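This structure is a prediction, so every number in the text was calculated from the model and none was measured.
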Number of protein chains: 2
Amino acid sequence: MSKKIELSDDIKQMAVWAKVMGHPTRLYILKKLSERNSCCYSGDLVDEVPVGRSTLSQHLKELKYAGLIQGETEPPFIKYCLNRENWAKAKILFNDLFKNAI
Amino acid sequence: MSKKIELSDDIKQMAVWAKVMGHPTRLYILKKLSERNSCCYSGDLVDEVPVGRSTLSQHLKELKYAGLIQGETEPPFIKYCLNRENWAKAKILFNDLFKNAI
DNA sequence: AAATCATTTCGTAATTTTGCGAAATATTAA
DNA sequence: TTAATATTTCGCAAAATTACGAAATGATTT
């Protein structure tokens with residue numbers, strides 16, 4: 001008799017966030033936005049990050065879809081910032097995972 | 001003139017770890033191993049996790065390849081435990097990422 | 001030696017991800 | 001109104017991921 005479980009919502013949510021963090025370009029963006037809680041524009045990022053414009057745009061979209069960033073339109077630019085509420089939730093989940101590490 | 005940068009080794013390493021954490025089954029395994037620094041066997045896990053034996057084995061292999069777990073052979077079982085050294089490094093990287101969160 | 005047990009590897013199919021350039025959108029400037 | 005600017009969406013190809021069952025491996029028991 002098997003005891004297969006349905007994985008918890010916390011695990012699933014965290015996996016979504018870990019997955020979206022699992023690409024160097026996206027992680028770079030998150031790191032940049034988290035340092036001094038700054039914001040940035042797609043046009044600034046494209047000069048720093050090793051992918052083209054459309055690819056960068058896709059990465060931003062994924063981060064947004066996962067709820068880790070948000071984009072305020074500030075024509076003709078779009079200003080991207082962290083979604084601070086979810087960022088705080090993510091911190092709690094990751095801190096908990098690592099709580100017993102040295 | 002573009003200023004495309006080569007992303008840092010820390011970002012790359014962290015992305016590898018985040019990526020491997022980005023699957024509910026693998027995250028479940030890591031969580032289980034990190035809680036009370038326990039170890040476990042593939043055979044125990046297969047009853048808990050919603051995938052078959054061979055798929056579980058593949059996930060364990062990926063976690064091992066990424067350096068987050070290690071498997072000691074203890075015939076006829078294989079005992080999987082966290083790779084504590086890398087787990088500690090991962091903790092530092094993730095803590096740093098979230099340091100400015102609320 | 002044969003059967004059994006725990007686990008992995010192989011082969012394969014379905015799906016997702018990543019990346020690009022071209023075209024589209026939307027706003028501002030000329 | 002046309003041109004220019006910032007950014008996204010579309011269409012597509014290549015590569016990676018996920019999952020499974022069958023077969024293989026390696027140790028142990030009969």
Side-chain angles (χ1 to χ4, degrees), chain A residues 1-7 11-12 14-30 32-33 39-66 68-81, chain B residues 1-7 11-12 14-30 32-33 39-66 68-81:
Chain A
M1 170 205 143
S2 113
K3 294 162 194 166
K4 295 262 185 197
I5 58 176
E6 159 90 359
L7 301 181
I11 291 264
K12 287 180 195 163
M14 196 175 165
V16 167
W17 283 336
K19 185 175 186 176
V20 85
M21 288 164 60
H23 188 287
T25 294
R26 292 193 296 258
L27 196 51
Y28 175 86
I29 295 167
L30 290 173
K32 181 162 184 134
L33 294 182
C39 295
C40 67
Y41 302 93
S42 177
D44 300 330
L45 283 170
V46 81
D47 285 334
E48 298 172 33
V49 133
V51 290
R53 272 172 215 285
S54 61
T55 304
L56 172 59
S57 191
Q58 245 180 248
H59 284 310
L60 288 167
K61 192 177 168 182
E62 279 170 75
L63 287 167
K64 207 169 147 187
Y65 182 74
L68 291 183
I69 66 170
Q70 55 201 157
E72 304 167 44
T73 168
E74 212 178 64
F77 303 98
I78 295 174
K79 190 170 81 171
Y80 284 102
C81 315
Chain B
M1 170 207 143
S2 110
K3 291 161 195 166
K4 295 265 187 197
I5 57 175
E6 160 90 358
L7 300 181
I11 290 266
K12 286 181 196 163
M14 197 176 164
V16 167
W17 284 335
K19 186 176 186 177
V20 87
M21 290 164 60
H23 188 287
T25 294
R26 291 192 298 257
L27 197 50
Y28 176 87
I29 295 166
L30 290 173
K32 182 162 184 132
L33 294 183
C39 295
C40 66
Y41 301 93
S42 176
D44 299 331
L45 282 171
V46 82
D47 285 334
E48 299 173 33
V49 133
V51 292
R53 271 171 216 285
S54 60
T55 306
L56 173 60
S57 191
Q58 245 180 247
H59 284 309
L60 289 167
K61 192 177 170 184
E62 278 169 75
L63 286 167
K64 206 168 149 188
Y65 182 75
L68 291 183
I69 67 171
Q70 54 201 158
E72 303 167 46
T73 169
E74 211 176 63
F77 304 98
I78 295 172
K79 189 169 82 172
Y80 285 102
C81 314

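Among residues two or more places apart in sequence or in another chain, the side-chain hydrogen bond (donor to acceptor under 3.5 Å, both in side chains) test is passed with Tyr80(A) by none. Residues satisfying the side-chain hydrogen bond (donor to acceptor under 3.5 Å, both in side chains) criterion with Lys64(A), sequence neighbours excluded, are absent altogether. By the side-chain hydrogen bond (donor to acceptor under 3.5 Å, both in side chains) test, Tyr41(B) pairs with Glu74(B), sequence neighbours left out. In this structure Lys19(B) satisfies the side-chain contact (heavy atoms from CB on, under 4.5 Å) test with no other residue, sequence neighbours excluded. Judged as a side-chain contact (heavy atoms from CB on, under 4.5 Å), and not counting sequence neighbours, the contacts of Glu72(A) are Lys79(A), Cys81(A).
Separating the CD1 atom of Ile78(B) from the C1' atom of dT7(C) is a distance of 6 Å, rounded to the nearest angstrom. dT16(C) atom C1' lies 13 Å from atom OH of Tyr65(A), rounded to whole Å.
Contacts of Lys79(B) with the nucleic acid, taken as non-hydrogen atoms under 4.0 Å apart, are absent. Note on Ser54(A): a base of the nucleic acid sits closer than 4.0 angstrom, heavy atoms only.
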Side-chain donor-acceptor pairs of residues 54-61 of chain A under 3.5 Å, sequence neighbours excluded:
unit_1: His59(A); atom_1: ND1; unit_2: Arg26(A); atom_2: NH1; d: 3.1

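When DNA chain D is scanned 5' to 3' for any atom under 4.0 Å from a heavy atom of chain A, the first and last hits are dA6(D) to dT9(D).
DNA chain D is contacted by Thr55(B), Gln58(B), His59(B), Glu62(B) of residues 55-64 of chain B, taking any non-hydrogen atom closer than 4.0 Å.
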Checking side-chain contact (heavy atoms from CB on, under 4.5 Å) for the pair Lys32(A)/Glu48(A): CA distance, chi angles, key distance, verdict?
-> CA-CA 11 Å; Lys32(A) 181 162 184 134; Glu48(A) 298 172 33; 2.7 Å; yes
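When the side-chain nitrogen and oxygen atoms of Arg53(A) are compared with OP1 and OP2 of dA22(C), none of them lie within a distance under 4.0 Å.
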